[in-house]
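Per chain, numbering begins at 1; letters A, B, ... match sequence-line order.
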There are 2 protein chains.
Amino acid sequence: MQKEHNLSKNQKIIFDLIDKSGEPMKAYSILFNVQKKGIKAPLQVYRALDKLVEIGKIHKIESRNAFIACQNSSCQVSKATAFSICESCENVSEISNSKLSKYLSNFSDDSGMKYSKYNLEFFGLCKKCKSK
Amino acid sequence: MQKEHNLSKNQKIIFDLIDKSGEPMKAYSILFNVQKKGIKAPLQVYRALDKLVEIGKIHKIESRNAFIACQNSSCQVSKATAFSICESCENVSEISNSKLSKYLSNFSDDSGMKYSKYNLEFFGLCKKCKSK
DNA sequence: AACGTTATGTAATAATATAACATTTATAAG
DNA sequence: CTTATAAATGTTATATTATTACATAACGTT
Ligand SMILES: [Zn+2]
Ligand SMILES: [Zn+2]
Ligand SMILES: [Zn+2]
Ligand SMILES: [Zn+2]
């Protein structure tokens, strides 16, 4: 059972945009797209993004400085994220693989250290791009 | 046997700085530190960084926009990188764990897709910070 | 109503990274 | 040694990404 987050006005506008786009969006592209809805300044976007990331509705693709809606309904807290990124068409998808997440969540390094969060980004060519 | 890369003048200056520091350095901090050596513009730094990343002498910590010298002598091509990052003191260390790298290099997602590269960042508290 | 918390608005600025163009240096053939 | 090619450098300007600072408004709880 996951906590219900009542998004604020700006958060909802920005989440809906990202969610509908279905792909990673950059902050200033988001800004451009929501200006007609009254969101005029970068900070308004970044504040909403920060909150949405915090509650796991979106994730940041660190290598791309872009934000994508969570594609994994069970991933409501952004502590364990994994993505595949096509280096040709920049398609990104979230990987939800329970073995992988279990493996990484339980991973401890050579000094016995365990970690509370991780982010993994795989790079390669997606099927479309590979078959070209 | 790994390929010997003869670093150019700027590449060497910048690699030496990062390597000696032993911790992640940001591009403009690098710039500041090498200005006395004649490197005056951001682009000179970014070009050297790009090359050093390409040949695996340094890695970029994506979540921090920072660059760290490779701590793993066998990791001369930046295709499979893993780091642990302390969220309190920002200490970063490169993880070299053959099981982990084998697991991730061989990982294929639910559609059977395999990937040629990955970058993994673990977050948590380092031993020092945990014991405070 | 009073309070603390969360969200918003706005302007300015900081931090990170690239484009464009000219020149120089290194490497390798012929 | 000359020519060709690629790699690296120098320089200016600009683009992109993100935060600081401060003021105001809305929300949730008691
Ligand atoms: Zn998710
Ligand atoms: Zn693709
Ligand atoms: Zn390395
Ligand atoms: Zn620490």
**Message:** Side-chain N or O of A/K51 versus OP1/OP2 of C/dT5: is the shortest distance under 4.0 Å?
**Reply:** no
**Request:** For the residue pair B/N119 and B/E121, confirm or rule out a side-chain donor-acceptor distance under 3.5 Å.
**Result:** yes
**Asked** Over how many whole Å does the gap from A/I14 atom CD1 to D/dA18 atom P extend?
**Response** 14 Å
**Request:** Classify the nucleic acid contact of B/K12 as base, sugar-phosphate or nothing, counting any heavy atom under 4.0 Å across all strands shown.
**Result:** nothing
**Message:** I want to confirm an ordering. Mapping A/Y46 and B/S8 to their closest nucleotides on DNA chain D, which one lands closer to the 5' end?
**Reply:** B/S8
**Message:** Output the rounded distance in Å from CD (B/Q44) to C1' (C/dC21).
**Reply:** 15 Å
**Message:** Counting only side-chain nitrogens and oxygens, does A/Q11 get under 4.0 Å of the OP1 or OP2 atom of C/dA7?
**Reply:** yes
**Interatomic distance, B/R64 CZ vs D/dT17 C1' [rounded to whole Å]** = 16 Å
**Item:** Donor on one side chain, acceptor on other, A/D109 and A/S111, under 3.5 Å
**Value:** yes
**Request:** Would you check if the distance from the ring center of B/Y103 to the ring center of A/Y103 is below 6.0 Å?
**Result:** yes
**Item:** Rounded distance in Å - CE (B/M25) to C1' (C/dA15)
**Value:** 15 Å
**Request:** Flag the pair A/D19 / A/I58 as yes when at least one side-chain heavy-atom distance between them is below 4.5 Å, and no otherwise.
**Result:** no
**Request:** Quickly work out the B/L31 CG to D/dT11 P distance and round it to whole Å.
**Result:** 13 Å
**Message:** Could you tell me how far apart B/K37 (NZ) and D/dT9 (P) are, to the nearest whole angstrom?
**Reply:** 15 Å
**Prompt:** Between A/L7 (CG) and C/dA7 (P), how many Å, whole number?
**Reply:** 10 Å
**Message:** Here's a test of your reading of the structure: between B/K40 and B/N65, which maps to the more 5' nucleotide of DNA chain D?
**Reply:** B/K40
**Message:** Looking only at the side chain of A/N10 (C-beta and beyond, no hydrogens), which of the listed nucleotides C/dG9, D/dT9, D/dT19 gets closest?
**Reply:** C/dG9
**Request:** Indicate the ring-plane relationship of B/F122 and A/Y118, choosing parallel, tilted or perpendicular according to the 30° and 60° boundaries.
**Result:** perpendicular
**Prompt:** Would one find a side-chain N or O of B/K26 under 4.0 angstrom from OP1 or OP2 of C/dT16?
**Reply:** yes
**Message:** Taking only side-chain N and O atoms of B/K9, does any of them lie within less than 4.0 angstrom of OP1 or OP2 on D/dG10?
**Reply:** yes
**Request:** Return the 5'-most residue of the pair A/Y28, A/R47 with respect to DNA chain C, ranking by each residue's nearest nucleotide.
**Result:** A/R47
**Asked** In whole angstrom, what separates A/L43's CG from D/dA23's C1'?
**Response** 13 Å
